[in-house]
**Q** 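Let me give you the structure first, and then I'll get to my questions.
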Amino acid sequence: MIGATPQGDKRMARKKRTYDVVVWGATGFTGRLVAEHLFQTYGVGKKLKWAMAGRNEQKLRAARASIGDETGNIPFIIADGNSVDDMKHLAELTKVVATTVGPYVLYGGELVAACARAGTHYCDLAGEVPWMRRMIDAHSVTAERSGARIVHCCGFDSIPSDLGVWMMQQASEETFGQSLQKIHFYLAGTSGRLSGGTAASMMEIVSEAQKNLRTAKLLADPYALNPKDARSGDDQNEQFIPHRDEMLGQWVAPFVMASVNTRVVRRTNALLDYPYGKDFRYQEWTLCGDGAAGMAKSVAITAATGAFVAGAAIPPSRFVMRKLLLPKPGSGPDAEQRANGYFTIRFAGMTRDGDMLTGTLKGERDPGYGCTSRMLGEAAVCLSKTKSTAGKGGFSTPMAAMSDTLPNRLMKHAGLQFSVDESA
């Protein structure tokens with residue numbers, strides 16, 4: 001049965017929302033960081049009414065104290081993620097649920113369904129394309145009717161990609177009076193650890209693709225997340241080939257999360273009725289540099305990426321990777337490591353007339369934990385300011401749902417900075 005506040009009030013308001021935001025999974029590593037960000041940025045019970053939620057009361061109390069709330073002012077909710085009733089009541093308590101409980105294919109479905117039915121906005125850190133496609137197909141009509149905005153991929157996957165493309169297109173309209181026909185994303189620099197949750201999700205996706213031909217075909221579709229009537233275009237599936245990039249003239253290698261991010265960006269374009277154009281093309285790469293050194297780095301990264309995918313596809317090696325090589329879900333870098341992390345992404349785009357524009361997006365803190373937790377927190381706050389009006393809900397993307405408010409919040413509270421290169 002679902003619990004309530006530290007004061008023990010077991011009554012649950014079903015019509016009037018008690019909270020603006022509830023962080024589901026607040027006892028986990030990333031969930032605690034989201035709660036810490038909300039506590040440090042918005043306090044408790046002021047302009048933002050929010051609560052922590054999880055399965056274990058003792059762990060919730062410990063997590064609350066660990067983020068600095070030693071007097072116990074942050075309300076918490078106890079619920080079982082496998083209980084339909086608990087997820088229903090949790091959704092009815094709040095305007096927005098922000099969840100860090102993954103892999104979502106294992107633990108996320110009941111909560112999505114509950115939010116869609118209750119008209120409760122929802123955001124997560126999912127990077128699991130097959131699962132997201134299933135959620136869209138199963139619950140989009142319900143969410144549209146209830147007014148719930150369901151927004152996946154609100155962390156490093158895929159806000160920097162979605163935001164960067166949006167900002168590049170805005171700059172192009174201002175500079176050239178037209179949108180960019182194609183944009184390339186380049187991870188130019190980063191310091192941080194692969195998220196344990198991301199690693200677990202990637203393993204689940206590879207395992208599912210081996211068992212299910214439909215999943216394998218979906219992963220090969222560059223428009224897999226687009227609406228049913230918009231699953232075609234000029235983009236191809238990601239290629240694991242080192243090469244010199246046509247836009248910047250430098251060597252590039254595959255970017256491990258491109259298969260998620262590119263599909264989110266394409267869905268944004270389709271949901272907004274093609275402001276980038278129906279012929280818009282988008283790709284993501286890891287930037288390796290010039291000359292022989294750049295070529296060698298490109299080949300090495302491509303080989304390592306291929307080895308990871310191949311290892312994840314073979315059950316014995318997948319077991320070894322899970323047990324010995326990859327970070328465990330629920331673990332992560334310490335505060336100093338998170339603070340010293342960063343990421344730098346470059347973008348290059350070209351209009352239909354051949355004009356070129358380049359830009360840079362920078363993020364403070366390590367991308368998988370420090371910056372991701374802030375991005376998810378700000379996405380939840382943005383959604384909480386959106387009225388839940390029936391007929392205006394549905395499954396969206398960060399920019400399709402929040403382009404009017406999210407960029408400023410990310411620049412102000414999440415440590416992101418975007419700039420158009422002067423040389424453009």
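Note that these values count all heavy atoms, side chains included, but never hydrogens, waters or copies made by symmetry.
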**Q** Closest heavy-atom contact between V265 and Y282?
**A** CG2-CE2, 3.7 Å
**Q** Would you say the side chain of F176 lies within less than 4.5 Å of the side chain of D353, judging by non-hydrogen atoms?
**A** no
**Q** For the residue pair T27 / R55, report whether a side-chain donor-acceptor contact shorter than 3.5 Å exists.
**A** no
**Q** Nearest 0.5 Å please: distance from the CD1 atom of I183 over to the CD atom of Q169.
**A** 4.0 Å
**Q** Assess R32 against F29: is NZ or CZ under 6.0 Å from the centre of the six-membered ring, and within 45 degrees of the ring's axis?
**A** yes
**Q** Specify the closest pair of heavy atoms between S172 and Q178, including all atoms of both residues, with the distance to one decimal.
**A** OG-O, 2.6 Å
**Q** Under the criterion side chain to side chain contact (heavy atoms under 4.5 Å, CB included), which of V112, V22, D124 is the partner of T99?
**A** D124
**Q** On a heavy-atom basis, which atom in H121 and which in R149 lie closest, and how many Å separate them?
**A** ND1-N, 3.0 Å
**Q** Filter on side-chain hydrogen bond (donor to acceptor under 3.5 Å, both in side chains), then keep only pairs touching residues 401-417, sequence neighbours left out; what's left?
**A** Y42-R409
**Q** For the atom pair CG (D221) and CD (Q236), what is the distance rounded to the nearest 0.5 Å?
**A** 10.5 Å
**Q** Is the shortest side-chain N to carboxylate O distance from R117 to E92 below 4.0 Å?
**A** no
**Q** Return yes if some donor-acceptor pair links the side-chain N/O of T372 with the main-chain N/O of F156 below 3.5 Å, else return no.
**A** yes
**Q** Quick one: does S373's side chain have a donor or acceptor within less than 3.5 Å of a partner on G370's backbone?
**A** yes
**Q** If you count the non-hydrogen atoms of other residues, nucleotides and ligands that lie under 6.0 Å from CZ in R244, is the total more than 12?
**A** yes
**Q** Taking C-beta and beyond as the side chain, do P398 and V151 meet within less than 4.5 Å on heavy atoms?
**A** yes
**Q** What's the spacing between E110 CD and D86 CG if we round to 0.5 Å?
**A** 10.5 Å
**Q** Is a donor on one side and an acceptor on the other found under 3.5 Å between the side chain of S298 and the backbone of G294?
**A** no
**Q** Run R263 and S158 through side chain to side chain donor-acceptor pair (under 3.5 Å) and show every step you take.
**A** CA-CA 9 Å; R263 285 150 179 79; S158 301; over 6 Å; no
**Q** Please assess L361 against L163 for the test side chain to side chain contact (heavy atoms under 4.5 Å, CB included), listing each intermediate value before the final yes or no.
**A** CA-CA 9 Å; L361 179 67; L163 172 68; 4.2 Å; yes
**Q** Check the side chains of H184 and E246 for a donor-acceptor pair under 3.5 angstrom, ignoring hydrogens and angles.
**A** no
**Q** Distance check, rounded to the nearest 0.5 Å: L406 atom CG versus W166 atom CH2?
**A** 11.0 Å
**Q** Should the pair W285 and H243 be assigned to parallel (<30°), tilted (30 to 60°) or perpendicular (>60°) ring geometry?
**A** perpendicular
**Q** Using every non-hydrogen atom in the two residues, find where M375 and L416 come nearest and quote the distance to one decimal.
**A** SD-CD2, 4.2 Å
**Q** Go through it in stages, so that I can follow the logic: the residues are M135 and F395, the test is side chain to side chain contact (heavy atoms under 4.5 Å, CB included), and I'd like the CA-CA distance, side-chain angles, deciding distance and then a yes or no.
**A** CA-CA 9 Å; M135 292 298 100; F395 283 72; 3.8 Å; yes
**Q** Determine whether the side chains of S161 and E284 contain a donor N or O and an acceptor N or O closer than 3.5 Å.
**A** yes
**Q** For the CG atom of L33 and the CG atom of L38, what is their distance to the nearest 0.5 Å?
**A** 11.0 Å
**Q** Answer yes or no: is there a donor N or O on one side and an acceptor on the other, between the side chain of T268 and the main chain of V264, under 3.5 Å?
**A** yes
**Q** Q181: what forms a side-chain hydrogen bond (donor to acceptor under 3.5 Å, both in side chains) with it, not counting sequence neighbours?
**A** D279
**Q** Is V44 close to F39 at the side-chain level, that is, under 4.5 Å between some pair of heavy atoms?
**A** yes
**Q** When you look at CZ of R134, are more than 12 heavy atoms from neighbouring residues, nucleotides or ligands closer to it than 6.0 Å?
**A** yes
**Q** Got a second to check how far S191's OG is from Q337's CD, nearest 0.5 Å?
**A** 9.0 Å
**Q** Kindly indicate whether the side chain of D157, heavy atoms from C-beta on, has any atom under 4.5 Å from the side chain of L125.
**A** no
**Q** List the residues meeting salt bridge (charged side-chain N to carboxylate O under 4.0 Å, His left out) with D20, not counting sequence neighbours, and say none if there are none.
**A** K95
**Q** Under 4.5 Å between any side-chain heavy atoms of W50 and I74, yes or no?
**A** yes
**Q** Does a donor on one side chain and an acceptor on the other come within less than 3.5 Å for S179 and R352?
**A** yes
**Q** Might you point out which heavy atoms bring P254 and Q239 nearest each other, and give the distance in Å?
**A** CG-O, 3.9 Å
**Q** Within the 4.5 Å heavy-atom criterion, are C153 and T397 side-chain neighbours or not?
**A** no
**Q** Please name the pair of heavy atoms, one in C115 and one in I150, separated by the smallest distance, quoted to 0.1 Å.
**A** CB-CD1, 4.2 Å
**Q** Please examine the side chains of H152 and E128, heavy atoms only from C-beta on, and report whether any two atoms are closer than 4.5 Å.
**A** no
**Q** May I have the step-by-step check of side chain to side chain contact (heavy atoms under 4.5 Å, CB included) for E238 and S259, ending in yes or no?
**A** CA-CA 7 Å; E238 284 66 40; S259 61; 3.9 Å; yes
**Q** Are T262 and F185 close enough that some pair of their side-chain heavy atoms sits under 4.5 Å apart?
**A** no
**Q** Would R133 and L218 count as a side chain to side chain contact (heavy atoms under 4.5 Å, CB included) if you check the C-alpha gap in whole Å, the side-chain angles of each, and the deciding distance to 0.1 Å?
**A** CA-CA 9 Å; R133 181 73 261 168; L218 187 70; 3.8 Å; yes
**Q** With a distance cut-off below 6.0 Å to the six-membered ring centre and an angular limit of 45° from the axis, does R266 pair with Y223 as a cation-pi contact?
**A** yes
